[in-house]
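Structure first, then comments.
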Protein chains: 2
Amino acid sequence: MMSKIIETVATQPLVSLSEADRHETALQIMNVAEQLFAESGFNGVPLRLLTKEAGVNLAAVNYHFGSKEGLFEAIFVQRLAPLIEGCLKELEVLETEQQKLTLDSLLQTVIRPCLALAKDPKSGGAIFVRLLSRTLLENHRQVREMIAGQYGEFVQRYLRAFHQALPQLNAEQLAWRMHFAFSVMFNAFAGNDVLKVFTRSEVVSARDPDIIVKHVLPFVTAGLLAPVER
Amino acid sequence: MMSKIIETVATQPLVSLSEADRHETALQIMNVAEQLFAESGFNGVPLRLLTKEAGVNLAAVNYHFGSKEGLFEAIFVQRLAPLIEGCLKELEVLETEQQKLTLDSLLQTVIRPCLALAKDPKSGGAIFVRLLSRTLLENHRQVREMIAGQYGEFVQRYLRAFHQALPQLNAEQLAWRMHFAFSVMFNAFAGNDVLKVFTRSEVVSARDPDIIVKHVLPFVTAGLLAPVER
DNA sequence: GTCTATACCGTGATAGAC
DNA sequence: GTCTATCACGGTATAGAC
């Protein structure tokens, strides 16, 4: 059905079955797992609970995904592909429309697809946005390598775009500031309770993506545009 | 030496034996543990490895600290007390010296003690600064509650100080921005490889605290001072 | 190919002997 | 205080049923 024409040629390092190809059991596992992982973190979810919740056998996870980590990656591959495609599409539009990239419009090409995903009710996207943020912050070796390997083009194109929007920064300064900017954005979306220590818990625990963006954007924009230390 | 005038009054809810009071075995465990935790994270260090490395029996951890989590907290309590004391002392000086707090000088009262600790060669402070940052970002429930409970005064005083330095922000805006600011600072100090995805690994992997601060401060300052969305 | 039951080994915790 | 033995629980591997 799904174009398995020359299945031997392509180097498809990781499992990347489309939703249609996957077995019902595997899908059931992925849906339940995404929810539980986002709630309790990777280590907070025992396979025995997960499989029980999904109504499948304990060994099913290892059979369909190789390992618990494999299941984790599978969730990412499936969700990340359309998200990144969405970002790149917005970026492309931006690059053809405007001669000069503005920083704000550039940041919007990342934030809008995240928002769209986060607000799509039927795709469990909101859960994934939190899971993605949480995972990037938790520094999972596997996922990080997967992104770097699979989406090199994405990374390169955004590096170039940011360089264009912030020409006054040299390579080192740009790297640091992108590091900071994405730290803030992911932390905000992760809905971490981390820094409640320094804040009133009722205020910052808001989960509404629009509110988050309203607060994040000015901060990040100003930080990126800060005068360069010399 | 350090003004222990009325030592009986304070409510000291958690274990907080001074270094001198503690058993040699416990000290040995703590030193080894701090190092290993900072390298591999809490879950990355099995007690069997830890105790073998420290040359003590497996059960010693549970005997002296109650649990693996207890050991984790003990490390924090011991290191955090002087760090927080250092911050508050700097803040006090600042409040008496200047009529108007400047944002930069306020941030310095946090960063300078962290830097001093990070650069003290004989106290393993550098390891702890990374461990602290990593832990706050990883959202350990225990440690967060410990800080909130034990250092309420610290939190309140800094909230007031930031409010004074940024009077144009209302409570909600201030909470969000402090949340962001500390996210960035901790992420920078944590030395996470997280966002290497978006950067050249060689650049951002710098561990020199001075270099980190040089890049962090302008970003955070500008972010905090960003115009308010309306 | 898919699913099930079950066994294996490593983890943190704990009781009790010394 | 320290140690050994043992426990319950975690992810994983596999043999065999369908």
Side-chain angles (χ1 to χ4, degrees), chain A residues 1-2 4 7 14-37 39-76 131 135 138 140-143, chain B residues 15 17-37 39-76 131 135 138 140-143:
Chain A
M1 197 182 267
M2 213 49 209
K4 284 221 174 184
E7 72 241 321
L14 288 177
V15 204
S16 69
L17 277 57
S18 76
E19 201 154 334
D21 293 333
R22 235 185 255 280
H23 249 268
E24 194 195 338
T25 304
L27 285 173
Q28 176 64 10
I29 291 174
M30 286 175 73
N31 288 334
V32 174
E34 186 173 24
Q35 176 110 26
L36 293 179
F37 284 151
E39 283 168 4
S40 312
F42 182 74
N43 289 319
V45 183
L47 280 185
R48 282 166 174 84
L49 169 69
L50 199 163
T51 50
K52 190 176 175 184
E53 207 81 13
V56 302
N57 186 270
L58 168 62
V61 170
N62 269 297
Y63 176 75
H64 286 282
F65 302 98
S67 67
K68 195 184 176 187
E69 282 275 0
L71 165 60
F72 202 64
E73 279 188 30
I75 294 173
F76 267 86
L131 181 58
T135 304
E138 279 178 356
H140 282 245
R141 200 183 52 82
Q142 300 249 18
V143 172
Chain B
V15 202
L17 276 59
S18 77
E19 202 154 330
D21 293 334
R22 236 186 251 281
H23 210 271
E24 193 196 338
T25 304
L27 283 175
Q28 177 64 11
I29 291 174
M30 286 177 74
N31 288 334
V32 174
E34 185 173 24
Q35 176 111 27
L36 293 178
F37 284 151
E39 283 168 7
S40 311
F42 182 74
N43 289 320
V45 182
L47 280 186
R48 282 166 175 81
L49 170 69
L50 199 164
T51 50
K52 190 176 174 184
E53 207 81 13
V56 301
N57 187 269
L58 169 62
V61 170
N62 269 294
Y63 176 76
H64 286 282
F65 301 98
S67 68
K68 195 184 175 187
E69 283 274 0
L71 166 59
F72 204 64
E73 278 189 31
I75 294 173
F76 266 85
L131 181 59
T135 303
E138 279 179 357
H140 283 247
R141 199 182 52 81
Q142 300 249 19
V143 172

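Numbers restart at 1 for each chain; the letters A, B, ... are given by sequence-line order, proteins then strands. Remember, it's a predicted structure, so these values are computed and weren't measured experimentally.
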Taking the side chain from B:S40 and the backbone from B:F37, do they hold a donor-acceptor pair closer than 3.5 Å? no
Write down the distance between NZ (B:K68) and P (C:dA13), rounded to a whole number of angstrom. 8 Å
With hydrogens left out and only the distance checked, is there a donor-acceptor pair under 3.5 Å joining B:R48's side chain and the base of C:dG12? yes
Side chain of B:N62 (C-beta onward), nearest among D:dT2, C:dA13, D:dT4: C:dA13
Do the non-hydrogen side-chain atoms of B:L50 and B:L71 ever get within less than 4.5 Å of each other? yes
Looking at every heavy atom in both B:K68 and B:V45, which two are closest together, and how far apart are they? NZ-O, 2.7 Å
From the set C:dT11, D:dT2, C:dT6, return the single nucleotide nearest to any side-chain atom of A:L58. C:dT6
Nearest whole Å is fine: how far is C:dG1 C1' from A:R22 CZ? 16 Å
Side chain of B:H23 - closest among D:dG1, C:dG1, D:dG11: D:dG1
Could you tell me how far apart A:N57 (CG) and D:dT12 (C1') are, to the nearest whole angstrom? 13 Å
Spacing between B:H64 atom NE2 and D:dC3 atom C1', to the nearest angstrom: 12 Å
Could you tell me how far apart A:N43 (CG) and D:dG10 (C1') are, to the nearest whole angstrom? 10 Å
By nearest atom, which of the nucleotides D:dT2, C:dT2, D:dG11 is closest to the B:Y63 side chain? D:dT2
CZ of B:F42 versus P of C:dT11: gap in Å, rounded? 14 Å
Rounded to the Å, how far apart are A:E24 CD and C:dG1 P? 19 Å
Take atom NZ of A:K52 and atom P of C:dA5, then tell me their distance rounded to the nearest Å. 14 Å
Residue met sooner reading DNA chain C from 5', once A:A60 and B:G66 are mapped to nucleotides: A:A60
Can you work out whether A:A59 or A:L47 has the more 5'-proximal nearest nucleotide on DNA chain D? A:L47
Run the side-chain hydrogen bond (donor to acceptor under 3.5 Å, both in side chains) check on B:E39 and B:Q35 step by step: do they pass? CA-CA 6 Å; B:E39 283 168 7; B:Q35 176 111 27; 3.3 Å; yes
Can you tell me if B:T25 touches the phosphate of D:dG1, counting only side-chain N or O atoms and a distance under 4.0 Å to OP1 or OP2? no
Flag side-chain contact, heavy atom, 4.5 Å: A:F65 against A:I29: yes
